[in-house]
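Please read the structure below before turning to the comments.
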Amino acid sequence: MSFINYSSREIILKIVYYGPGLCGKTTNIKFIHTATNPDARGKLISLETKAERTLFFDFLPLSLPAIRGFKTRLHLYTVPGQLFYSASRKLIMKGADGVIFVADSQDARFEANLIAMDDLKENLSAYGYDIEKIPFVVQYNKRDLPNVTDVEKLREALNPWGVPDFEAIATEPDGPGVFDTLKAVVKMIIQQLRAGAR
Amino acid sequence: MNPRTVIFEEEQRRLQEVCTRLTRDSLARAIFLIDKNGQILVAVGETANIDTTSLASLVAGTTAATSSLAKLVGEEEFPVHFHEGKRDNLHISLVGEDHILTVIFDERSSLGLVRLRVKKATEKLVEIFVALAERQGLGEEADLFSEITDEDIENLFSDTF
């Protein structure tokens with residue numbers, strides 16, 4: 001649910017990173033935090049356990065240039081990936097304007113991706129969203145690792161809708177694919193807002 | 001399309017007035033009005049040293065978690081939750097269905113006073129939100145998005161990443 005404040009002239013968009021445990025959701029937003037112009041980023045909040053697992057959520061606010069005189073702010077959230085954190089995962093989805101599904105490309109995590117995607121669909125419908133309507137993109141992360149599944153096979157399993165999808169390596173210094181993924185979902189959100197206004 | 005929250009200048013001013021008055025009446029250090037998705041609407045009082053964006057997202061998170069806890073133990077809702085610190089305390093309460101009022105206070109005030117004043121202010125805030133909801137249905141904000149061009153969207157990313 002986008003938030004438009006005519007008094008402070010701001011538009012705020014909430015974007016949620018979803019995916020199986022340890023697929024790299026937090027790594028994505030940590031990379032964005034590091035690589036974004038310091039004037040444009042807020043403080044990164046990470047609620048992690050000692051084992052680097054997101055307990056509740058990570059949060060990163062970003063400021064984009066003004067659009068039609070309105071400052072555009074992005075609020076990026078990650079959900080905890082582990083199956084047993086289902087309750088907190090659902091809470092973070094509330095009010096999302098767009099969703100990024102981060103898949104772990106390793107063969108051994110193929111099944112975990114499918115389970116996470118089912119869970120996402122279920123949580124979206126719990127809030128009345130339809131995965132075919134909400135701005136949604138898919139990222140195939142960890143493409144640098146050995147034993148990764150072919151993109152074609154991942155696409156067939158995780159992106160039957162043909163939404164924009166990207167290969168990524170969030171751990172690399174230049175984070176290939178990370179910004180492309182984020183840009184794609186922001187564009188979809190704004191295009192959808194525009195289509196709704198016309 | 002997803003529903004959206006729109007705040008207009010008039011309602012913003014009225015919300016701000018209620019919160020400013022509440023800060024004075026409850027002897028609070030600072031007051032924040034936040035929506036349940038973690039967006040900040042009003043920040044008044046001694047807010048200069050507080051990261052209000054982070055505060056808003058964490059308050060929304062903890063309120064969502066508290067609400068789920070209530071359901072787990074068979075309560076419909078815990079409309080108020082309170083955090084007591086050595087110096088500062090946090091009084092968090094629901095305003096209607098979608099908003100959260102957060103009061104930070106120290107030894108200059110008391111829980112009883114804050115609770116009393118929050119209750120009164122909440123009624124006024126709910127009235128403003130009802131008026132706002134009616135206004136949102138009128139579609140006054142539609143023009144903003146219809147004017148956006150593809151170029152505007154491209155330019156969003158030019159200096160940031």
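In what follows, chains carry the letters A, B, and so on, assigned in the order in which the sequence lines appear, proteins first and then strands, with residues in each chain numbered from 1.
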So, taking the atom named CZ in A/R68 and the one named OG1 in B/T149, what distance separates them when rounded to the nearest 0.5 Å? 5.5 Å
With the 4.5 Å side-chain cut-off for hydrophobic clustering, are A/L62 and A/F70 part of the same group? yes
Looking at CG of A/L64 and CD1 of B/I153, how far apart are the two atoms once the value is rounded to the nearest 0.5 Å? 12.0 Å
B/L156 vs A/I190, test: side chain to side chain contact (heavy atoms under 4.5 Å, CB included). Steps then yes/no. CA-CA 11 Å; B/L156 269 181; A/I190 296 177; 3.2 Å; yes
If you define the side chain from C-beta out and look only at heavy atoms, does anything of B/D35 sit under 4.5 Å from A/F3? yes
If you tally heavy-atom pairs under 4.5 Å between each of B/S57, B/S67, B/S68 and chain A, the highest tally belongs to B/S57
Proximity breakdown for A/L60 and chain B, heavy-atom pairs closer than 4.5 Å: neither
Looking at B/A65 and A/F56, what are the two nearest heavy atoms and their distance? CB-CZ, 4.1 Å
For A/I189, which atoms come within 4.5 Å of any heavy atom of chain B: side chain, backbone, both, or neither? neither
Under 4.5 Å from any heavy atom of chain B - which part of A/S88: neither
A/R143, CZ: over 12 other non-hydrogen atoms inside 6.0 angstrom: yes
Please say yes or no: joined through hydrophobic side-chain contacts below 4.5 Å, possibly via intermediate residues, are A/L158 and A/L83 part of one cluster? no
Do A/L91 and A/M93 belong together in a cluster built from hydrophobic side chains that touch within less than 4.5 Å? yes
Specify which of B/D51, B/L41, B/L72, B/L58 makes the most heavy-atom pairs with chain A at under 4.5 Å. B/L58
Heavy-atom neighbours of B/E151 CD exceed 12 at 6.0 Å: no
Where do B/S54 and A/I45 come nearest, in terms of heavy atoms and distance? CB-CD1, 3.3 Å
For the student: nearest non-hydrogen atoms of A/Y77 and B/N37, plus distance: OH-O, 3.9 Å
Cluster check B/L22, B/V80: I/L/V/M/F/W/Y, side chain < 4.5 angstrom: no
Given that the side chain runs from C-beta out, which part of B/E10 has a heavy atom under 4.5 Å from chain A: side chain, backbone, both or neither? neither
Taking atom CZ of B/R108 as the centre, report whether more than 12 heavy atoms of other residues, nucleotides or ligands fall under 6.0 Å from it. yes
Do other residues, nucleotides or ligands put more than 12 heavy atoms under 6.0 Å from B/R21 CZ? no
Need one label for B/L15: side chain, backbone, both or neither, based on atoms under 4.5 Å from any heavy atom in chain A. neither
Which residues in residues 169-182 of chain A have a heavy atom less than 4.5 Å from any heavy atom of chain B? A/F179, A/L182
When rounded to the nearest 0.5 angstrom, what distance separates CZ in A/R73 from OG1 in B/T53? 7.0 Å
CD1-CD distance between B/I148 and A/Q191, expressed to the nearest 0.5 angstrom: 10.5 Å
Start with the C-alpha distance between B/F157 and A/K187, add both sets of side-chain angles, then the distance that settles side chain to side chain contact (heavy atoms under 4.5 Å, CB included), and finish with yes or no. CA-CA 10 Å; B/F157 305 103; A/K187 275 187 193 176; 4.2 Å; yes
In the single-linkage hydrophobic clustering (I, L, V, M, F, W, Y; side-chain heavy atoms under 4.5 Å), do A/L120 and A/Y127 co-cluster? yes
For atom NZ of B/K71, is the number of surrounding heavy atoms from other residues, nucleotides or ligands below 6.0 Å larger than 12? yes
With a 4.5 Å heavy-atom cut-off (strictly below), which parts of residues 7-29 of chain A touch chain B? List them by number. A/S7, A/I11, A/I12, A/K14
Distance in Å, A/I67 CD1 paired with B/E147 CD, rounded so as to fall on 0.5 Å steps: 11.0 Å
Could you tell me the separation between the OG atom of B/S146 and the CG atom of A/L193, rounded to the nearest 0.5 Å? 11.5 Å
